[in-house]
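Notes for the one structure printed next.
The first residue in the sequence is number 1, and the count goes up from there.
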Amino acid sequence: MEEQQEQREEEEEPMKPSFPLSRVKKIMKLDKDIAKVTNEALLLVSISADLFLASLSSAAADAAAEKRRRVVKLDHLRTAVRGHPPMRGFLLDCLPEEPPSSSAAAAAAKKKKVKRVEASEVAAAPAGARRIDEFFRRGAGGGGGSGGGD
């Protein structure tokens with residue numbers, strides 16, 4: 001019995017986060033209430049983000065497979081978010097709006113120049129909070145990340 005337990009412990013390797021820890025720490029520190037971030041908390045948040053994205057991408061892939069598609073598109077992602085109530089509450093508002101369904105409107109939208117939506121035009125964040133996209137914007141104070149790889 002103890003041999004089996006030892007084998008399981010040896011087989012179980014700790015998860016390694018796929019996101020750069022320094023970037024995750026910068027994002028966490030965007031919250032003004034967070035002064036310091038311990039290594040344990042940083043690791044847990046990073047692994048949680050990995051698991052969240054794995055779950056979301058799996059659900060989106062399932063939605064694409066249901067429609068007999070090989071490529072996961074925004075519509076499949078939207079379907080996955082709608083099918084999971086805890087995600088729906090915060091993530092559905094962040095996804096781009098659905099395009100018009102008529103083909104004429106779709107063709108007109110393709111010809112139209114795409115307007116970049118600024119954070120100030122989107123739903124306002126609670127007092128003292130900032131949107132995550134501010135962190136990735138060039139020249140923004142407080143994050144200064146370029147959005148590229150570390």
message: Hydrophobic clusters here meaning ILVMFWY residues chained together by side-chain heavy-atom distances under 4.5 Å, can you tell me if L21 and F52 are in one?
response: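 Linked within one cluster.
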- request: Is it possible for you to say whether L74 and M87 belong to one hydrophobic cluster, with membership spreading through side-chain heavy-atom contacts below 4.5 Å?
  value: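 Same cluster.
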In residues 53-70, what donor-acceptor pairs under 3.5 Å come from side-chain atoms, sequence neighbours left out?
| residue | atom | partner | partner atom | Å |
| --- | --- | --- | --- | --- |
| S57 | OG | L53 | O | 2.9 |
| S57 | OG | A54 | O | 3.1 |
| K67 | NZ | D75 | OD2 | 2.8 |

- request: Measure the spacing between CZ of R82 and CG of L95 and express it to the nearest 0.5 Å.
  value: 8.5 Å
query: Which pairs pass side chain to side chain donor-acceptor pair (under 3.5 Å) with one or both residues in residues 44-53, sequence neighbours excluded?
result: S18-D50
query: For A80, does its backbone N or O pair with a side-chain atom of R88 as donor and acceptor, under 3.5 Å?
result: no
message: Using modelled atom types and a 3.5 Å cut-off, is there a donor and acceptor pairing between side-chain atoms of H84 and backbone atoms of V81?
response: no
Enumerate, atom names and distances included, each donor-acceptor pair closer than 3.5 Å involving a side-chain atom of residues 33-45, sequence neighbours excluded.
| residue | atom | partner | partner atom | Å |
| --- | --- | --- | --- | --- |
| T38 | OG1 | A41 | N | 3.2 |

